[in-house]
There are 2 protein chains.
Amino acid sequence: MNLEQALQLLKDKGYKYTGKREEMLKICADERRYLSARDIMERMRGNYPSLSFDTVYRNISTFVNLGILEETEFDGEGKFRLSCSTTGHHHHIICTSCGKTISVPHCPMTVMPNVAEDFVVTGHKFEVYGTCKACNE
Amino acid sequence: MNLEQALQLLKDKGYKYTGKREEMLKICADERRYLSARDIMERMRGNYPSLSFDTVYRNISTFVNLGILEETEFDGEGKFRLSCSTTGHHHHIICTSCGKTISVPHCPMTVMPNVAEDFVVTGHKFEVYGTCKACNE
DNA sequence: TATTAAATAGGAATTATTACGATTATGCAA
DNA sequence: TTGCATAATCGTAATAATTCCTATTTAATA
């Protein structure tokens with residue numbers, strides 16, 4: 001997904017256009033890696049010095065619900081990135097230092113032995129963590 | 001791992017025996033599923049009404065470092081369980097309602113394409129979430 | 001039994017996130 | 001273009017999980 005698609009989707013769904021929403025999405029589109037809510041707030045402070053937590057968290061939540069952002073959680077906080085263009089279901093190798101990702105189309109669920117007949121499976125998480133080349137230097 | 005092994009390991013490593021540590025481990029050994037720090041505290045309040053956060057969190061941290069407890073994180077909080085007897089590396093299917101688990105010896109890393117030559121891989125997480133039979137009723 | 005270092009209590013501090021009433025701004029229709 | 005209804009935002013308080021800190025207590029052992 002790119003910025004234009006994200007803004008169009010918001011419009012189609014009847015959400016109002018605001019400068020803050022555009023800037024949030026712009027930041028995510030420019031960086032294309034996992035950012036925390038605080039990361040996003042910090043990058044917006046220049047243009048919107050009086051930005052509220054509420055605005056950022058509520059908009060993030062909206063974007064996640066619409067599929068504009070992908071969400072995960074590690075190091076004790078939520079992380080968000082613009083949904084990958086990778087078609088369909090995928091996983092990530094994630095740099096825990098800068099949030100940069102590599103997409104992995106391979107999903108372990110396809111080869112999971114069906115040991116869980118007693119479980120109603122609602123989801124799964126497969127992530128590989130490490131540090132990227134740039135962060136290693 | 002069982003209660004006796006855990007207590008022995010603590011002793012071998014030079015940690016002091018305390019009733020609180022034994023009870024924490026007893027709770028984990030009896031339940032054998034993922035519990036939050038708060039879950040553990042609540043179960044101890046009867047015997048130790050003046051139990052401190054610090055005690056629980058510090059002991060959990062000690063136990064995790066010694067490999068007595070396995071740690072994960074979902075629903076915004078840390079979860080802990082007595083290390084499985086399953087030999088070696090494994091993953092879990094986890095009931096997000098009660099913390100009950102099923103061990104899965106299969107690890108997706110063994111079949112991961114090596115797309116990460118630019119990454120120094122430090123870890124990974126593979127968990128399947130759902131609700132168990134008992135919680136579904 | 002006395003000593004010493006580890007463990008704990010009690011509560012304050014931190015951090016991430018959510019909640020909420022008051023205010024402001026967007027989209028739309030007259 | 002203006003006014004209206006409602007969504008979005010602000011400012012801040014509330015929550016919730018976790019960590020930190022100091023005085024006190026306790027387990028191990030000499």
Side-chain angles (χ1 to χ4, degrees), chain A residues 6-27 34-66 68-69 71-81 96 99, chain B residues 6-27 34-66 68-69 71-81 96 99:
Chain A
L7 289 171
Q8 189 59 49
L9 182 55
L10 271 182
K11 191 172 185 178
D12 292 347
K13 293 286 182 176
Y15 289 90
K16 293 183 177 173
Y17 168 86
T18 72
K20 296 184 188 73
R21 283 182 173 160
E22 173 164 6
E23 176 137 347
M24 285 180 70
L25 292 171
K26 204 166 189 309
I27 289 166
Y34 277 112
L35 298 172
S36 67
R38 189 164 32 80
D39 289 334
I40 294 173
M41 285 202 74
E42 280 168 7
R43 284 164 177 72
M44 296 183 72
R45 193 155 304 153
N47 288 338
Y48 300 99
S50 65
L51 185 66
S52 164
F53 296 129
D54 198 40
T55 300
V56 174
Y57 278 103
R58 188 173 19 74
N59 283 338
I60 284 176
S61 171
T62 299
F63 298 157
V64 169
N65 288 336
L66 292 176
I68 293 173
L69 295 185
E71 177 179 27
T72 190
E73 179 188 344
F74 57 85
D75 289 345
E77 61 181 3
K79 314 270 189 175
F80 311 91
R81 60 156 294 151
T96 51
Chain B
L7 288 171
Q8 188 60 49
L9 182 55
L10 272 181
K11 189 171 186 179
D12 291 348
K13 294 284 183 177
Y15 290 89
K16 293 183 178 175
Y17 167 86
T18 72
K20 296 184 188 72
R21 283 181 172 162
E22 173 164 5
E23 176 137 347
M24 287 181 68
L25 293 171
K26 203 165 189 314
I27 288 165
Y34 277 112
L35 298 172
S36 67
R38 188 164 33 80
D39 289 333
I40 294 172
M41 284 202 74
E42 280 168 6
R43 284 165 177 70
M44 295 183 72
R45 194 154 303 154
N47 287 338
Y48 300 100
S50 64
L51 185 67
S52 164
F53 297 128
D54 199 41
T55 300
V56 173
Y57 279 103
R58 187 173 21 73
N59 283 338
I60 284 176
S61 170
T62 299
F63 298 157
V64 169
N65 288 337
L66 291 177
I68 293 172
L69 294 185
E71 177 179 26
T72 190
E73 179 187 343
F74 57 86
D75 289 345
E77 60 181 3
K79 314 269 189 177
F80 311 91
R81 61 155 294 151
T96 50

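Convention: sequence-line order gives letters A, B, ...; per-chain numbering from 1.
B:M41 approaches B:L51 most closely through the heavy-atom pair CE-O, 3.8 Å. In terms of heavy atoms, A:L10 sits closest to A:T62 at CD2-CG2, 4.5 Å. In terms of heavy-atom proximity, B:V56 sits nearest to B:A37 at CG1-O, 4.0 Å. The two residues B:L66 and B:L9 come nearest to each other via the heavy atoms O-CD2, 3.6 Å.
A 4.0 Å heavy-atom criterion places the boundary nucleotides of DNA chain D facing chain B at D:dA17 to D:dA28, written 5' to 3'.
A:Y15 is linked by a ring pair (Phe, Tyr, Trp, His ring centres under 6.0 Å) to nothing, counting only residues two or more places apart in sequence or in another chain. Residues satisfying the salt bridge (charged side-chain N to carboxylate O under 4.0 Å, His left out) test with A:R43, not counting sequence neighbours, are A:E31. Taking the salt bridge (charged side-chain N to carboxylate O under 4.0 Å, His left out) definition, one finds that A:D39 meets it with nothing, sequence neighbours left out. In terms of the salt bridge (charged side-chain N to carboxylate O under 4.0 Å, His left out) criterion, A:E73 has no residue partners (sequence neighbours excluded).
When rounded to the nearest whole Å, the span between CG of A:L35 and C1' of C:dT17 equals 17 Å. For A:R58 and C:dT24, the CZ to P distance is 16 Å, given to the nearest whole Å. The distance from atom CE of B:M41 to atom P of C:dT8 is 12 Å, rounded to the nearest whole Å.
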What protein N or O atoms touch nucleotides 13-16 of chain C N or O atoms at under 3.5 angstrom, if any, and at what distances?
residue	atom	partner	partner atom	Å
C:dA16	OP1	A:R38	NH2	3.0
C:dA16	OP1	A:E77	OE1	3.3
C:dA16	OP2	A:R38	NE	3.4

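Judged as a ring pair (Phe, Tyr, Trp, His ring centres under 6.0 Å), the pairs with a partner in residues 34-55 of chain A (not counting sequence neighbours) are, in order, A:Y34-A:H92. Evaluation of the salt bridge (Lys or Arg N to Asp or Glu O under 4.0 Å) test over residues 57-66 of chain B, restricted to residues two or more places apart or in two chains, returns B:D54-B:R58.
The distance from the CG atom of B:L69 to the CZ atom of B:F80 is 8.0 Å, given to the nearest 0.5 Å. From B:E42, atom CD reaches atom OG of B:S36 across 7.0 Å, with rounding to the nearest 0.5 Å. Summarising the geometry, atom OG1 belonging to A:T55 is positioned 12.5 Å from atom CD1 belonging to A:I40; distances are rounded to the nearest 0.5 Å. Rounding to the nearest 0.5 Å gives a distance of 12.0 Å between CD1 of A:I60 and CG of A:N65.
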Check: residues 17-27 of chain B side-chain donor-acceptor pairs under 3.5 Å, at least two apart:
residue	atom	partner	partner atom	Å
B:Y17	OH	B:E22	OE1	2.4
B:T18	OG1	B:R21	N	3.1
B:R21	NE	B:N59	OD1	2.9
B:R21	NH1	B:K16	O	3.0
B:R21	NH2	B:N59	OD1	3.3
B:E23	OE1	B:N47	ND2	2.9
B:E23	OE2	B:N47	ND2	3.1

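Heavy-atom distances under 4.0 Å link DNA chain C to A:F53, A:D54 of residues 48-56 of chain A, given in residue order. Heavy-atom distances under 4.0 Å link DNA chain C to A:K16, A:Y17 of residues 10-25 of chain A, given in residue order.
In the helix from C:dT1-D:dA30 to C:dA30-D:dT1, the terminal helix axes, each the rotation mapping four pairs' C1' atoms onto the next four within five end pairs, subtend 20°, rounded to 10°.
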